[in-house]
Each structure stands twice: as structure tokens, then as C-alpha cells.
Amino acid sequence: MTARKQWLIVAGAIAFMAAGLWTAAAKLEHELFPIKIGGEAPDFAAVTLPPASAAAVTKGIDDYEGEVVLLNIWATWCLPCRTEMPSMQRLEERLGPKGLKIVAVSVDDPGMETRIKDFAQELGLSFELLYDAPGAIRNVYQTTGVPESFVIGRDGRIRRRVIGAPMGEDDWASEKTVAFFERLLAEPRP
């Protein structure tokens, strides 16, 4: 075997291993790069729940660039989700006019749009509800269940992660929580 053939075999083997590593990294991205406080909020894809006369629009984290966001991952069948939604609505009423974006992404099964809309109407929710029927956001944000929430600062970084429904003095509309969000809203836009 000539030296040229040997080098071609070595180059082919290296290219094959590089492709394999790239594929593995792409498939295992969320396991290799865990979500952490201070880390950049990963992108997601969820659709709006428009009236029957309009088409759904896909939204992701880039749609909220420069905003303070409370990203909530929930489902209609989740009792703690039902418990926390009224306090999220009170937070929306208080800080929505000051710029806080509350984005609640439902991970209900496919075909549940009507149920999600009925849920929102029953509880009088006015903040943005999105729908991720495949539930891909759960993998992207590495959730342990629902509800799970992420507070994202104007810089696009995760500032807080809340597993479960906050209660009592840590409720979404509590003075302590409102003060935390007001500090984030006071930060300059990037």
C-alpha cells in the first residue's frame, strides 16, 4: 500500500469520526449542555392559539428579545398549574403594562387547542398562551415535570428556575416576587 493510500484511509477515518461526533453532539445537545441559571435561554417553537378565523403563528425565544419573560411550561390536566395560573394573571395585571411578558406554553397532547382555550377563558387569563403539542420544549428546557417556569432577563439569560407552583410568600403575585421582576424590568435594554 502506498503512502498516499494510507493518508487517504487516515483522512477518511478522521472525517468519519468527526461526522459521528457532530451527530452525537447534535442528538445529545441537552444532555451535554444542561440548562443553568445565568446561561442563555434556549430557543423553542410553539404556536399561538388564534381564533378560528386566523392562522396559528410559530413563536420562539427570539420573539421576546430584549424583554423580561416569565416562561411557564404547563398542561391543562396539571392541578398545580391550575393553582398557579391566577397568581400569574395577577402578576400580568400588575407588571404587564410595565413590560413583563408572561408566556405560558402548554404541552398538552395534540388536538387539545379547544381545551386550552376553554381553560384560559375559565380562569380569565390574558397573558400569552402558546401550544407545543409535541412537547419538545420539555426536552429543550430539561424540565422535570409541569409546571416549571424560567425567568429570562433582557439579556436573554435565565435568571431563575422554579419547579412546581410557587405558593404563599413566593406566589407569582407576592410583593417579594413583584420586587424581583421590577428589578429586572429596570435593567437597560441590551
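Not measured: the values here are computed from a predicted model.
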Student: Is R90 salt-bridged to D171, going by a charged N under 4.0 Å from an acidic O?
Tutor: yes
Student: Output yes when E148 and R138 qualify as a salt bridge under the 4.0 Å nitrogen-oxygen rule, no when they do not.
Tutor: no
Student: Starting at CE of M167, measure out to OG of S174 and round the result to the nearest 0.5 Å.
Tutor: 13.0 Å
Student: What pairs with W74 under ring-ring contact (aromatic ring centres under 6.0 Å, His included), at least two apart in sequence or on another chain?
Tutor: F119
Student: Looking only at non-hydrogen atoms, find the nearest pair between D132 and I137 and report the distance.
Tutor: OD2-N, 2.7 Å
Student: Taking the side chain as every heavy atom from C-beta outward, state whether P42 and I35 have any atom pair closer than 4.5 Å.
Tutor: yes
Student: Under the side-chain contact (heavy atoms from CB on, under 4.5 Å) criterion, do K36 and I158 qualify, and how do the steps go?
Tutor: CA-CA 7 Å; K36 62 182 178 186; I158 297 171; over 6 Å; no
Student: Does the side chain of R154 come within less than 4.5 Å of L185's, by heavy atoms?
Tutor: yes
Student: Given the rule that I, L, V, M, F, W and Y join up when any side-chain heavy atoms are under 4.5 Å apart, are F127 and L130 in one cluster?
Tutor: no
Student: Look at the side-chain heavy atoms of Ile, Leu, Val, Met, Phe, Trp and Tyr, link any pair under 4.5 Å apart, and say whether F44 and L129 land in one connected group.
Tutor: no
Student: What's the separation between atom OH in Y141 and atom OG in S149, rounded to the nearest 0.5 Å?
Tutor: 11.5 Å
Student: For atom CD of E65, decide whether the heavy atoms of other residues, nucleotides or ligands shown that lie under 6.0 angstrom number more than 12.
Tutor: no
Student: Could you work out, with ring-ring contact (aromatic ring centres under 6.0 Å, His included) as the rule, every residue matching Y131, not counting sequence neighbours?
Tutor: none
Student: Over all heavy atoms of both residues, which pair between R157 and E40 is shortest? Give the atoms and the distance, please.
Tutor: NH1-N, 3.2 Å
Student: Quick one: pull up CG in D108 and SG in C81 and give me the separation to the nearest 0.5 Å.
Tutor: 9.0 Å
Student: Please tell me if the side chains of R159 and I37 come closer than 4.5 Å, counting only heavy atoms from C-beta onward.
Tutor: no
Student: With salt bridge (charged side-chain N to carboxylate O under 4.0 Å, His left out) as the rule and sequence neighbours excluded, what pairs involving residues 67-87 come up?
Tutor: E67-R189, R82-E122
Student: Would you verify whether the NZ or CZ of R160 falls within 45 degrees of the ring axis of F150 while also being under 6.0 Å from that six-membered ring's centre?
Tutor: no
Student: State whether the side chain of E113 and the backbone N or O of L49 hold a donor-acceptor pair below 3.5 Å, judged by distance alone.
Tutor: no
Student: Same cluster for V151 and M85 if Ile/Leu/Val/Met/Phe/Trp/Tyr side chains link at under 4.5 Å?
Tutor: yes
Student: Show the nearest heavy-atom pair for residues A165 and P80, with the distance to one decimal.
Tutor: CB-O, 3.5 Å
Student: Under the side-chain contact (heavy atoms from CB on, under 4.5 Å) criterion, do S126 and E92 qualify, and how do the steps go?
Tutor: CA-CA 8 Å; S126 63; E92 163 68 19; 3.8 Å; yes
Student: Quick one: does Y64's side chain have a donor or acceptor within less than 3.5 Å of a partner on V69's backbone?
Tutor: no
Student: Quick one: pull up CE in M112 and NZ in K117 and give me the separation to the nearest 0.5 Å.
Tutor: 13.5 Å
Student: Check this for me, if you would: do D170 and K176 make a salt bridge, where the nitrogen-to-carboxylate-oxygen distance has to be below 4.0 angstrom?
Tutor: yes
Student: Grab the two heavy atoms, one from I61 and one from D43, that are nearest each other, plus how far apart they are.
Tutor: N-OD1, 2.8 Å
Student: Going through the distances and angles, do N72 and I102 end up as a side-chain contact (heavy atoms from CB on, under 4.5 Å)?
Tutor: CA-CA 8 Å; N72 178 263; I102 297 179; 5.6 Å; no
Student: Heavy atoms only: give me the nearest Q89-L125 pair and the separation to one decimal.
Tutor: OE1-CA, 3.2 Å
Student: Applying the 4.5 Å side-chain criterion to the ILVMFWY set and letting contacts propagate, would L100 and L184 be lumped into a single cluster?
Tutor: yes
Student: Would V47 and V57 count as a side-chain contact (heavy atoms from CB on, under 4.5 Å) if you check the C-alpha gap in whole Å, the side-chain angles of each, and the deciding distance to 0.1 Å?
Tutor: CA-CA 5 Å; V47 296; V57 175; over 6 Å; no
Student: Could you state whether L91 and V103 fall into the same hydrophobic cluster, counting links through intermediate Ile, Leu, Val, Met, Phe, Trp or Tyr residues with side-chain heavy atoms under 4.5 angstrom apart?
Tutor: no
Student: Is any NZ, NE, NH1 or NH2 atom of the basic residue among K101 and E128 found under 4.0 Å from an Asp or Glu carboxylate oxygen of the other?
Tutor: no
Student: Side-chain contact, heavy-atom cut-off 4.5 Å: W172 with P86?
Tutor: no
Student: Do you know which two heavy atoms are closest between S87 and A173, and how far apart they sit?
Tutor: O-CB, 3.6 Å
